[in-house]
Each structure stands twice: as structure tokens, then as C-alpha cells.
Amino acid sequence: MGIRPTPMQPATVNTRQKEESRDDYHLWAKRAFIVATAVRLFLIFEAIPSGLSAFMKSEAIASAMVDPIYTVRHLREGTFLMDLSEGSVGDAYEGGIFRLPPLMLAAFRPLLLQPDWVMRLLVLLMDMGIAVCLYDISRSTFLTSDHTFNREVALEAQMNERIRPMSAWIKFGNMLAAPSPVGSGLCVGETDKFYLDGLGTKQKVEKITEERLENKEENRMQAGRDAKEAAALISVSVAPLLCSLFYYCNPLSVLASCGTTSPSVQSVLYLLPLLAIREASVVISKKPLQQAHVDVPVSVIFLALASYLEIYSLVYLVPITLLVGKTNGNLKHAAIECSGYIILWTILLHWASSLLVGKNWYLVQSTILCEGLSFSDLSPNLGMHWYFFVQMFDRFRKYFAVLFNGIPYIFIAPMTTRLGSYPIPLATSFFILGTLLKPVQTAHDLTISLAMIGMSPRSIIRMSNVSLVCLFALAVPFLLFVMDYWLWLETGSGNANYMYFQCLAYNVFFGIISLDFISATVKRDKALRLTEKLRTY
């Protein structure tokens, strides 16, 4: 006699389906990673048709992809100026031609003597590091069970339907599903038994009818939440993987890193702040949060290196301090510790620079800062500054240079006050605002900005459909900018106004996405505050 098989429990089936789905995602992710790496290697070793290679290395493509300051060509200019002065680093800055810091020139100089493919391989490794950092930081935002995370999950379970996300693009599973205390199928709750015994017959009927209506409404709302979960595009468990692959496999980042006329080293500007944030966030491990340890000196030294290359990176000290304070449980101590280390590392870096340039240290620093902050010699790019300062009278240039350089720092205090409970979205907001307001914008900046937005799935689900429209619309001004650059500066049949309107449209679309993300984070915080306030009553 055969043995009758035991039916599998639904929970076991769902768990197995989730594991199989996750395995499928990881399989496709490995394939995408291999394909993207293969494409990058083909571009590095120029194993592509000559016509396609000439098109990708045109000046029109390079103007939209890379910052001309952060290229191997510019580093070789500094090396050439050093060789003219018999190897003196300080003499490379005479005339204000070379604008990168001395330590960067000294670090890359041995590699500049090698063929271009060596530098391109280094950029490939930096892009891999960026993808790893995006993955780790994204996981830490929702897989670390700290007080803030547990509070948010608990409040979302009790959140009113009116302030829930209108469309759940990302599936959170039980994190967004509110428990149904009256959805058990009973006509009357057990807690109301003694209350109903003290009522008359007519009042009992009215009470039972009222509770039945409440049960139907609650079931309808729960069905709506389940429908949102079922219609979600992706699961939150694979969001970190998609976030890192979005950057590494993005054609824009691939072309900017490996396909332009001169290898770009702009990836170092993204890698260093991400490494600092990654070290400051709780490392994903099996240890509980109480046993987690943040290596503050290592985190801050990455930040010091980033601010040494670009002064705006210093704003990330705020989210790093918040992350350290959240882990250690003492925000004041974290602020003192992080501030002390950033001052120490910055002094050491500039002391090392002074050893390289000797007595010309003050001249070198003034050249780097003044030439970089005065918006002089800006070439056409996806930003708006180049066109504005082309039309500028010289007597007004200093005033608007100070104004434009100060605008990004105006938002630090209000955004920290409003989004201080969410360090990762705060760091992302700082980055995208700095990208919008920087003098030289590139498509590489756009890809890393969108990838960083992906690190905050709880904010993404509150973003509107307008951002999705703007995301697909960005391709139009980008392609027209490349074409208008070719028309104006290569064939001479266009003019600057053609490029300006494409830059305007590009910045409008990108600005809408950025503001929608910040607004979604504010709405997320407001919904949690309202839920917590209603729960106390």
C-alpha cells in the first residue's frame, strides 16, 4: 500500500519560490556583470570596429561624458610641465594650466608612463569598487536591525491607508502589510464580549452591524495592500544587486570610463565618498548591532582624501557623523570624533603636499582653488554655468562666482534638520544637489546619482510617476546636446543657443527627479511622524 504524500504548507511553498526567484536574480546578475566586464575590456583594448571607435572618441561624446580636468590627458599635461622643470611638482602649476592636487599627480605619475590600457584597467577596478560600495550601503539601509529601522517597520505596519505610498514599485513583503486585527472572520471581536452583554437587543444589533462594516472595510483595505504588493516590480531583497548593476552595467558609465578619447579618472571622486559612507555604516555581518564596530579613522581618511580632491565632498561629514552616532549611540561623541579626525587627516594631506611642492605650496593651493572656483575657461558641457559665464561681463564675474559656489552649501543645514534621521538619503540628496549645481556636469554624474537614489527603496516607493517620465525623457536632450556640439564646434553650422536649450531641458528633467526624491523622503518622514503621533492617542 502506497504512502500518501503530505501536502506542502503554503508558507514553505512561498519561501521556496522566493529563494528560487532570488537565485534567478543572482544568476542574471552574474551574467550581466560578465557581459559588462567583457564590453569594457573590448573598449579598453580597442577590439571594436575603427569607425565605431572613432565615433565614441569624438570630442562631442567626450564633452557629455567626462570632465576634462579629471582625465589622463590632463594628468599627462602636468607630467609634461614637471619634466620641463626637471621633475619639480611645484613648477607644474605655473600659468594655471594644471589644476589637480599635487598628491594626485604624484600617485598617478608612474602609471602615466605606461600605455593607456593600464589606466583604463585601473578605472575598471575603481568602477567595480563603486559597484561593491553601492551594494553594501544599500543592504545596510534595510537589513540592519537598529532602532530606527525597527521603529519604521513597526510604524508602517500601523500606518493609515491614506498616507501609504500610492504605488508600491518595490515589494517589501511583510514590512508594508498592516496586520488585520479584525480580519479573522468573526462577526464580533472577542474583546467586545462583555461590552455587548451590557447593551440592549437593539444596541447589540447596531454594534454587530457596525463591526461587520468595519471588517469589510478593513478586508478591502488589506486586499488593496496585497494587490500593491503583488503588482510590485521588484523585491527589496534584490534592490542592492540592481542598484550596483545599474551603475556598473549602465552604457553611460561604461562609455565614460573606457570608451572616450582620453581615459577618465572621475570615478575616484565617486569611490572615495562611497568608501567613507560604507565604512561608517554598519557592516553586514552576523553580529548584532550592539557588537558592531565602525572604523571611524578609516572612514574619515577616505572622506579627507575626497575633500582633498574636491572641497564639496566635505559635506558628507554630516551623514557620516550621523551614521557613527547611530551605531555608537552617542551623537555628540561621534561629532567630536569625526571632526577631530577630519582635521587631523586634512592637515597631514596638505603637509604631504607641501613636501612635494616646497616653497610654492601657497601658490599651488591658490591656483587650484582660484582657477577651479572662478569658472574660468569652462568648456561646453551638460551644466548651465558655461553659457551663463560666457554672457557675463568681467566686472560681475567675481560676484556671481561667489554666489554660484555658495549655493550648494545653503541647503546643508535645512536638509540635515529635516532628514537627519535618514543618513543615506541625506548623503544622496547632498550628492544630487551638488551634481546639479556643479560647473561641469557629465552623464557619468547622472548614472551615479540615479544609482545612489536606488539605495533608498523606502523613499523610491513614494516618488511620483513624473520622475519615471523624466528619466526616459533625459535621453532626448542628451542626444541632441551631442549632435548640437558637433554642429557648432566641429562643422560650424550651429551656435551656442542650440546647446543651451538642450542643457536647460536636461537640467530640468534631472532637477525634477532630484526634487521628487527629496520630497518623497520628507513625505516618508512625515507619514511616520503622523503614525507615531496617532498611536500615542
Side-chain angles (χ1 to χ4, degrees), residues 14-41 124-145 149 153 165 167-176 229-254 256-257 267 270-271 273-275 277-286 422-425 427-428 431-432 444 446-463 467-468 471 513 517 520:
N14 293 335
T15 303
R16 180 171 297 181
Q17 290 177 351
K18 290 179 180 179
E19 292 178 353
E20 291 177 355
S21 177
R22 191 180 299 112
D23 292 340
D24 291 340
Y25 274 115
H26 283 281
L27 178 61
W28 283 105
K30 291 179 181 178
R31 293 174 179 175
F33 179 83
I34 293 173
V35 171
T37 304
V39 171
R40 288 171 180 264
L41 291 176
L124 171 61
L125 295 177
M126 286 192 292
D127 281 347
M128 288 183 178
I130 292 173
V132 171
C133 289
L134 290 171
Y135 180 81
D136 289 343
I137 297 172
S138 182
R139 288 190 69 200
S140 68
T141 57
F142 63 89
L143 291 183
T144 304
S145 298
F149 176 83
V153 172
S167 57
W169 295 355
I170 300 176
K171 184 176 181 179
F172 285 84
N174 295 329
M175 295 181 184
L176 288 181
E229 288 289 307
L233 297 179
I234 60 174
S235 174
V236 71
S237 60
V238 298
L241 196 61
L242 296 179
C243 179
S244 60
L245 289 177
F246 178 84
Y247 171 78
Y248 187 76
C249 301
N250 195 300
L252 295 179
S253 62
V254 172
S257 300
S267 297
Y270 313 138
L271 179 60
L274 288 174
L275 283 172
I277 296 173
R278 178 182 179 273
E279 292 297 327
S281 58
V282 178
V283 179
I284 301 301
S285 64
K286 296 182 180 180
Y422 312 96
I424 301 301
T428 303
F431 186 88
I432 57 181
H444 207 175
L446 175 65
T447 57
I448 189 66
S449 298
L450 296 177
M452 290 184 69
I453 288 176
M455 295 191 303
S456 305
R458 293 182 180 276
S459 296
I460 292 178
I461 61 175
R462 291 188 177 273
M463 294 178 68
S467 296
L468 196 61
L471 178 63
I513 296 174
F517 172 77

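Note that this is a predicted model, so its numbers are computed, not measured.
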Any residue meeting side chain to side chain contact (heavy atoms under 4.5 Å, CB included) with Leu41, in chain and number order, not counting sequence neighbours: Thr37, Ile44, Phe45, Leu121, Leu124
If the plane angle is over 60° it's perpendicular, under 30° parallel, otherwise tilted; pick one for Tyr270 and His444. perpendicular
Report the distance from atom NZ of Lys30 to atom CG of Leu241, rounding to the nearest 0.5 Å. 10.0 Å
Partners of Leu275 by side chain to side chain contact (heavy atoms under 4.5 Å, CB included), sequence neighbours excluded? Cys133, Leu271, Phe302
What pair of heavy atoms forms the shortest contact from Ile130 to Ser267, and how long is it? CD1-O, 3.6 Å
For residues Ile460 and Gly454, report the shortest heavy-atom separation together with the two atoms involved. CD1-CA, 3.6 Å
Tell me every residue that passes side-chain hydrogen bond (donor to acceptor under 3.5 Å, both in side chains) with Ser257, counting only those two or more places apart in sequence or in another chain. Asp127
Spacing of CG belonging to Asn250 relative to CD1 belonging to Ile448, to within rounding of 0.5 Å: 10.0 Å
Compare all side-chain heavy atoms of Phe517 with those of Pro425 and state whether any distance is below 4.5 angstrom. yes
Would you compute the distance between atom CD1 of Ile453 and atom CD1 of Ile432 and round it to the nearest 0.5 angstrom? 4.5 Å
OG1 (Thr428) and CG (Leu450) are apart, to the nearest 0.5 Å, by 11.0 Å
Minimum heavy-atom distance between Ile137 and Leu274, given as atom pair plus value: CD1-O, 3.6 Å
In Å, rounded to the nearest 0.5 Å, how long is the span from CG of Leu134 to CZ of Arg278? 11.0 Å
Applying side-chain hydrogen bond (donor to acceptor under 3.5 Å, both in side chains), can you list everything that pairs with Ser459, at least two apart in sequence or on another chain? Thr521, Arg524
With Met455, which of Ser140, Cys243, Ser244 fulfils side chain to side chain contact (heavy atoms under 4.5 Å, CB included)? Cys243
The criterion is side chain to side chain contact (heavy atoms under 4.5 Å, CB included); which residues satisfy it with Pro423, sequence neighbours excluded? Pro319, Leu322, Leu323, Lys326
Taken in chain and number order and not counting sequence neighbours, the residues that satisfy ring pair (Phe, Tyr, Trp, His ring centres under 6.0 Å) with Tyr248 are Phe33
Please round to the nearest 0.5 Å and tell me the distance separating atom CE of Met463 and atom CG of Leu468. 9.0 Å
